[in-house]
Amino acid sequence: MDSTVKTLPPRSFQREKEHSAPRRPSREEAEAAVRTLIRWAGDDPAREGLIETPGRVVRAYEQLFEGYGKDPSSELERVFEEMGGYDDLVVVRDISFFSHCEHHMVPFFGKAHVGYYPSSRAVGLSKLARVTDIFARRLQTQEKMSAEIIQAIDEALKPRGIALMLEAEHMCMTMRGVQKAGASTVTTQFTGIFEGNPAEQTKFLTMLRRPTAG
């Protein structure tokens, strides 16, 4: 790809909300909530091994849910408009992500695979991984996360088509409920020339296959 880069006008990409965001609790309030949960679980937050746990949990949450403080569209502002005539499929596969189910607040994790047909602009490949990570570091469902990644890429690049696959293991199925370790959930979403086009969908899925050991 040509090295010519253009910065798009800044754009805010926020999850739609019916109401204004509630007041964010203070760190002290958050730590108190953790102590309450420890007592609810049946332990004593004042015992030696748990005294510092509320602070650790709050600091961990700052990292685990840092996606709320980031705008994925900002990662897609710098685009390449001269691509040396390349107009075929671009695929970035095996993007690792870690997220939390919004229903039980337990982890789900896996890999994302993103492909798109450029129109007049492309983006640095690492940016697709950054966008995936921003959406993953929020309370999520796998289906909603798929749609949000697609929407962000479509708004920034206006490609001829986008293909996305997420493969994930959900701890809400492994640690609780049916407790089926190793079960995975796969979601796919296609836009543009991929929609209703089995040949293009097959091309994308074929590019995700691992080469066999020789």
Side-chain angles (χ1 to χ4, degrees), residues 13 15-16 33-34 36-38 40-43 53 56-68 70 72 75 89-116 125-154 161-192 194-214:
F13 187 99
R15 182 174 293 182
E16 293 182 1
V34 175
T36 297
L37 288 174
I38 292 173
W40 170 256
D43 215 320
T53 294
R56 296 189 190 102
V57 171
V58 171
R59 289 193 295 274
Y61 265 42
E62 287 177 334
Q63 182 176 12
L64 295 173
F65 299 110
E66 63 184 3
Y68 285 111
K70 295 183 178 180
E75 296 291 345
L89 181 59
V90 177
V91 174
V92 181
R93 70 183 192 183
D94 296 331
I95 301 170
S96 297
F97 69 85
F98 300 87
S99 190
H100 282 73
C101 166
E102 66 180 32
H103 299 143
H104 303 99
M105 293 184 69
V106 294
F108 69 94
F109 56 90
K111 294 184 182 297
H113 316 284
V114 184
Y116 72 98
L125 301 180
S126 66
K127 301 300 185 181
L128 298 177
R130 292 181 184 275
V131 167
T132 299
D133 196 49
I134 288 172
F135 285 119
R137 291 185 179 274
R138 301 177 181 184
L139 293 173
Q140 282 288 12
T141 66
Q142 187 169 331
E143 297 86 349
K144 182 161 54 180
M145 181 176 160
S146 299
E148 289 177 333
I149 294 171
I150 286 276
Q151 182 182 351
I153 296 171
D154 187 61
I162 309 171
L164 174 72
M165 175 187 285
L166 298 185
E167 304 173 276
E169 182 172 351
H170 293 247
M171 294 296 97
C172 58
M173 284 185 61
T174 300
M175 298 174 62
R176 57 165 300 282
V178 295
Q179 300 184 30
K180 298 299 182 183
S184 62
T185 300
V186 178
T187 53
T188 59
Q189 190 160 349
F190 301 100
T191 70
F194 289 101
E195 288 187 279
N197 191 331
E200 289 295 345
Q201 294 178 18
T202 298
K203 180 178 180 179
F204 168 69
L205 296 174
T206 299
M207 293 177 70
L208 303 185
R209 295 176 183 168
R210 311 301 187 272
T212 57

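Note: hydrogens, waters and symmetry copies are ignored here, and every other heavy atom, side chains too, is used. Only a predicted model underlies this, so the values are computations on that prediction, with no experimental measurement involved.
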Check: In chain order, what residues pass the salt bridge (charged side-chain N to carboxylate O under 4.0 Å, His left out) check against Glu195, with sequence neighbours excluded?
Finding: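 With neighbours one apart ignored, the set is empty.
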[options] screened by side-chain contact (heavy atoms from CB on, under 4.5 Å) with [X], the one that passes:
X: Ser146; options: Leu166, Thr141, Thr188; value: Leu166
X: Phe108; options: His100, Gln140, Glu169; value: Gln140
X: Phe135; options: Val131, Thr132, Asp133; value: Val131

Roughly how far apart are [X] [atom1] and [Y] [atom2], rounded to 0.5 Å?
X: His104; Y: Met173; atom1: NE2; atom2: CE; answer: 11.5 Å
X: Glu200; Y: Phe194; atom1: CD; atom2: CZ; answer: 5.5 Å
X: Arg138; Y: Glu66; atom1: CZ; atom2: CD; answer: 11.0 Å
X: Cys172; Y: Glu102; atom1: SG; atom2: CD; answer: 11.0 Å
X: Leu164; Y: Thr191; atom1: CG; atom2: OG1; answer: 9.5 Å
X: Met105; Y: Leu64; atom1: CE; atom2: CG; answer: 9.5 Å

Item checked: Side-chain ion pair, Lys144 and Glu148, N-O less than 4.0 Å ->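 Here Lys144 does not pair with Glu148 in a salt bridge, since their nearest N and O are not under 4.0 Å apart.
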Margin query: Using a strict threshold of under 4.0 Å (side-chain N to carboxylate O), is an ion pair present between Lys111 and Glu167?
Written below: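 No, this pair does not count.
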Note to self: Checking Phe204 now: which residues fulfil ring-ring contact (aromatic ring centres under 6.0 Å, His included) with it, not counting sequence neighbours?
What the structure shows: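 Partners of Phe204 by the ring-ring contact (aromatic ring centres under 6.0 Å, His included) criterion come out as none, since no residue qualifies.
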Note to self: If only side-chain N and O atoms count, and only distance matters, is there a donor-acceptor pair under 3.5 Å linking Glu143 with Gln189?
What the structure shows: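 Absent: no donor and acceptor within the cut-off.
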Closest approach of [X] to [Y] (non-hydrogen atoms, all atoms of both residues):
X: Gln63; Y: Arg137; result: O-NH1, 3.2 Å
X: Ala136; Y: Ser99; result: O-OG, 2.6 Å
X: Pro72; Y: Lys70; result: CD-O, 3.5 Å
X: Pro198; Y: Gly196; result: CD-O, 3.5 Å
X: Val186; Y: Met165; result: CG1-CG, 3.9 Å

Next item on the list: Only counting residues at least two apart or in another chain, list the ones meeting side-chain hydrogen bond (donor to acceptor under 3.5 Å, both in side chains) with Asp43.
Entry: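 Residues passing side-chain hydrogen bond (donor to acceptor under 3.5 Å, both in side chains) with Asp43: Arg47.
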Notebook entry, point to check: Do the ring planes of Phe65 and Tyr68 sit parallel (below 30°), tilted (30 to 60°) or perpendicular (above 60°)?
Noted result: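 Ring orientation, 0 to 90° scale: tilted.
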